[in-house]
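First the structure, in the form of structure tokens, and then the observations on it.
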Amino acid sequence: MGLAASQARLLTITARKSDCEYQSMAYSHQKIALSRDMNIVSAEYQDALAQTKLVYDFYGTGDTSTQLSYGLLMQPSKLNDYMPSPITDTAGRVVLDAKLAAAAAAAGIPQEGLGCTPSSDIRNKFIQGLIDNGILTAAVGNGIKNIQYNPQAGLGSIDTIDYVEKTVSYDDFVNNYLCNIEFDFNDLIANTGGSDLNLYNYSNNTEVIDPGSEGAVLTLSQILNGDYALIGWLWDNDNWVSGFGYAGAVDKVGSSSYWDVLFESLASYVDTNDAYTLAALEYAKRETLKKVECLGVGTDKDANKFDISNSAYEWKSSHSGQDDVYSEVRDRTDDYVGFVYCHNKKGWKDDYNQGYGIDISSMTKAYFTYFAQYMEGLATSNYKINNEKSNCNFVDDNFAFTIIEGADTSGDSVLMASFYDMLFNQIATKGWVQNEKVNDPEYLQTMLQNGTMYISTIADDNYYYQGNYATNSYIKEITDEEGIAQAEAKYNREKEKINAKENILDMKMKNLDTEISALTTEYDTVKSVISKNIEKAFKRYNA
């Protein structure tokens with residue numbers, strides 16, 4: 001019985017020892033794999049130490065913070081002095097992103113190009129395509145289309161002027177730049193049948209009642225320096241809808257082209273290619289319209305059907321007479337920024353009269369104040385707009401307007417037109433190809449460095465020539481310190497992971513070695529016992 005037990009034990013030890021040796025071999029293979037992984041990580045790190053990045057320094061100031069991007073070369077801005085540097089492929093075709101490609105297609109330019117410069121109509125279709133695809137605002141794009149197309153721009157001639165940036169005070173801007181922008185109020189004060197709007201001047205208590213009357217056409221300078229308002233009333237119950245009622249009066253003024261003239265007056269002077277300035281313009285426009293547009297429309301006389309909760313002031317008049325209601329609206333409008341609404345004490349009876357007023361001068365000043373607020377920082381600006389005029393802090397000479405002068409003082413963008421004429425001529429004469437990845441700076445850099453793409457730059461003879469990025473004086477290749485730091489951090493992370501795995505494997509292999517040694521000792525002992533038992537058995541039976 002002892003011999004049988006020993007033999008069973010020997011088999012168990014042998015099986016376990018074989019299993020441990022197999023596990024040890026598997027762990028050894030895993031360590032070899034980890035060594036290969038470490039070699040790969042080390043190689044990647046060594047390669048990263050030599051990586052570079054392309055930066056753009058148009059003015060040669062030594063700035064290395066601006067990474068080269070598609071937009072810097074293909075969108076007009078101060079950073080490229082409003083001169084395009086088209087990205088081209090090996091065939092010389094201009095590489096366009098999705099939006100520019102859509103504009104080129106909309107203009108009817110085939111990808112192989114036209115081989116010549118087309119008509120101004122095709123150029124204007126290209127500009128319209130830029131508007132439709134959100135590259136240009138309607139105001140800027142239409143301004144470009146109003147400028148004569150230069151078919152030789154970038155093809156032997158250049159039609160551009162120096163970019164001049166100037167800082168002016170609010171008073172200077174109002175009196176010397178907005179003095180030539182005027183608006184005709186005749187359409188607003190026309191009798192609509194059942195309602196009237198008058199242009200009232202609080203400065204001398206006079207009003208323009210009839211269209212065509214003197215004083216109905218005002219410049220923005222006059223409006224800002226004066227105290228003008230639109231005051232009106234609804235006097236005919238049968239003309240509720242065709243008149244202005246709750247919704248109509250506000251909509252008539254809120255949808256007026258006056259606001260477009262106001263918004264474009266500022267946009268025509270500031271740099272609309274600067275993202276922050278453009279955001280400030282949008283903010284000022286949005287906040288202004290909140291105070292002049294009706295939030296809800298309807299055709300019923302029930303006040304609940306209209307949402308005018310954005311009114312600066314609303315109240316029920318203590319009088320029912322037309323003249324009395326008009327007088328109350330006129331007296332209150334001068335105190336508020338935004339529209340004022342009044343309805344008479346008889347509610348919705350046949351002989352009711354409704355009143356409406358909005359201080360045009362205050363709303364115009366509010367627009368420029370909103371712009372100043374955003375430019376200074378909404379959280380830190382001292383300028384503020386409230387419903388009550390007395391609680392407002394309008395923009396003043398403490399705020400400086402940075403404007404473009406010499407390029408577009410009439411509202412037409414000569415610099416923008418020159419830029420897109422040059423780009424358009426390159427597309428038309430050399431053809432184009434679409435690449436949706438080109439807006440990725442890293443992808444663009446790879447394509448430029450491996451020679452898949454090139455940069456075309458205008459030379460002294462005003463022609464564009466394709467060349468390697470290294471020959472462009474505005475582009476520098478520098479050591480990518482940030483990329484190297486990221487690569488080093490990645491290397492250290494991967495190294496720590498591999499070391500941790502190796503330490504675990506080493507511990508497991510050490511434990512296996514200890515167990516194998518113990519099993520070997522026990523194996524030898526059991527084997528010795530079996531041998532002795534066999535020897536005794538043979539002696540006992542004289543075998």
May I have all residue pairs that pass ring-ring contact (aromatic ring centres under 6.0 Å, His included) and include part of residues 91-142, sequence neighbours excluded? Phe126-Phe424
State which residues pass side-chain hydrogen bond (donor to acceptor under 3.5 Å, both in side chains) with [X]; sequence neighbours excluded, sorted by chain then number.
X	value
Asp132	Gln128
Thr137	none
Asn80	none

Side chains of [X] and [Y]: closer than 4.5 Å at any heavy-atom pair?
X	Y	value
Val168	Lys166	yes
Asn175	Asn225	yes
Val337	Met363	yes
Ile458	Met422	yes
Tyr465	Thr457	no
Leu224	Tyr170	yes
Phe183	Thr364	no
Tyr443	Thr446	no

Would you mind listing every salt bridge (charged side-chain N to carboxylate O under 4.0 Å, His left out) that reaches into residues 355-376, with sequence neighbours excluded?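 Every pair satisfying salt bridge (charged side-chain N to carboxylate O under 4.0 Å, His left out) with a residue in residues 355-376: Asp359-Lys389.
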Using salt bridge (Lys or Arg N to Asp or Glu O under 4.0 Å) as the criterion, list what pairs up with Glu207, not counting sequence neighbours.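 By the salt bridge (Lys or Arg N to Asp or Glu O under 4.0 Å) rule, Glu207 matches no residue at all.
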Partners of Asp89 by salt bridge (Lys or Arg N to Asp or Glu O under 4.0 Å), sequence neighbours excluded?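 Listed in chain order: Arg93.
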List the atom of [X], the atom of [Y], and the distance in Å for their closest heavy-atom pair.
X	Y	result
Pro84	Tyr464	O-OH, 2.7 Å
Pro118	Ala428	CD-CB, 3.7 Å
Pro76	Met416	CG-SD, 3.6 Å
Tyr177	Asp172	CD1-O, 3.6 Å
Thr288	Tyr370	OG1-CD1, 3.7 Å
Gly357	Thr333	CA-OG1, 3.5 Å

Can you confirm if the aromatic rings of Tyr202 and Tyr200 lie within a centre distance of less than 6.0 Å? yes
Ignoring hydrogens and angles, state whether a donor on the side chain of [X] or [Y] is under 3.5 Å from an acceptor on the partner side chain.
X	Y	answer
Asn425	Asp421	no
Tyr149	Asn124	no
Asn393	Asn386	no

Atom pair [atom1]/[atom2] of [X] and [Y] - distance to nearest 0.5 Å:
X	Y	atom1	atom2	value
Phe399	Thr167	CZ	OG1	10.0 Å
Leu218	Asn201	CG	CG	8.0 Å
Lys384	Cys392	NZ	SG	8.0 Å
Lys437	Asp97	NZ	CG	15.0 Å
Lys291	Ser362	NZ	OG	10.5 Å
Ile127	Ile144	CD1	CD1	5.0 Å

Go through the structure and list residues passing ring pair (Phe, Tyr, Trp, His ring centres under 6.0 Å) with [X], not counting sequence neighbours.
X	answer
Tyr469	none
Tyr228	none
Tyr374	Tyr276, Tyr283
Tyr70	none

Tell me whether Ser221 contacts the main-chain N or O of Val174 through its side chain, where contact means a donor paired with an acceptor under 3.5 Å. yes
Audit row: Thr88, Gln466, side chain to side chain donor-acceptor pair (under 3.5 Å) steps and yes/no: CA-CA 7 Å; Thr88 52; Gln466 178 176 271; 2.7 Å; yes
For the residue pair Phe263 and Tyr367, categorise the inter-ring angle as parallel (less than 30°), tilted (30 to 60°) or perpendicular (more than 60°).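 It falls in the tilted class, 30° to 60°.
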Should the ring pair Phe371 and Phe401 be called parallel, tilted or perpendicular, given that the plane angle runs from 0 to 90° and is split at 30 and 60? parallel
Please indicate whether Glu442 has more than 12 foreign heavy atoms, meaning atoms of other residues, nucleotides or ligands, lying under 6.0 Å from its CD. no
Tabulate below the donor-acceptor pairs under 3.5 Å that side-chain atoms of residues 99-114 make, not counting sequence neighbours, or state none.
none

Could you give me the CA-CA distance, side-chain angles and deciding distance for Tyr454 and Leu448, then say whether side-chain contact (heavy atoms from CB on, under 4.5 Å) is met? CA-CA 6 Å; Tyr454 297 87; Leu448 290 173; 5.6 Å; no
Please report the C-alpha distance between Tyr258 and Phe185 in whole Å, then the side-chain angles of each, then the deciding distance to 0.1 Å, and finally whether the ring-ring contact (aromatic ring centres under 6.0 Å, His included) criterion is met. CA-CA 8 Å; Tyr258 173 76; Phe185 285 90; 5.6 Å; yes
Tell me, with the steps shown, if Thr452 and Asn450 meet side chain to side chain donor-acceptor pair (under 3.5 Å). CA-CA 6 Å; Thr452 305; Asn450 65 22; 2.6 Å; yes
Do Thr219 and Ile181 pass the side-chain contact (heavy atoms from CB on, under 4.5 Å) test, and can you show the C-alpha distance, the side-chain angles, and the key distance before you say yes or no? CA-CA 5 Å; Thr219 66; Ile181 302 176; over 6 Å; no
Test side-chain contact (heavy atoms from CB on, under 4.5 Å) on Leu266 and Leu281 and set out the steps. CA-CA 8 Å; Leu266 183 56; Leu281 290 171; 3.6 Å; yes
Can a salt bridge be assigned to the pair Glu287 and Lys290 using a cut-off of 4.0 Å between side-chain N and carboxylate O?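 Yes, charged N to carboxylate O under 4.0 Å.
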Please say which of Ile135, Val94, Asn439, Val95 ends up in a side-chain contact (heavy atoms from CB on, under 4.5 Å) with Met74.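 Of the listed options, the one satisfying the test is Val94.
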Applying ring-ring contact (aromatic ring centres under 6.0 Å, His included) to Phe173 and Tyr269, what does each step give before you reach the verdict? CA-CA 10 Å; Phe173 184 62; Tyr269 283 104; 5.6 Å; yes
Would you please test Asn186 and Val217 for side-chain contact (heavy atoms from CB on, under 4.5 Å) and show each step? CA-CA 8 Å; Asn186 278 301; Val217 179; 4.3 Å; yes
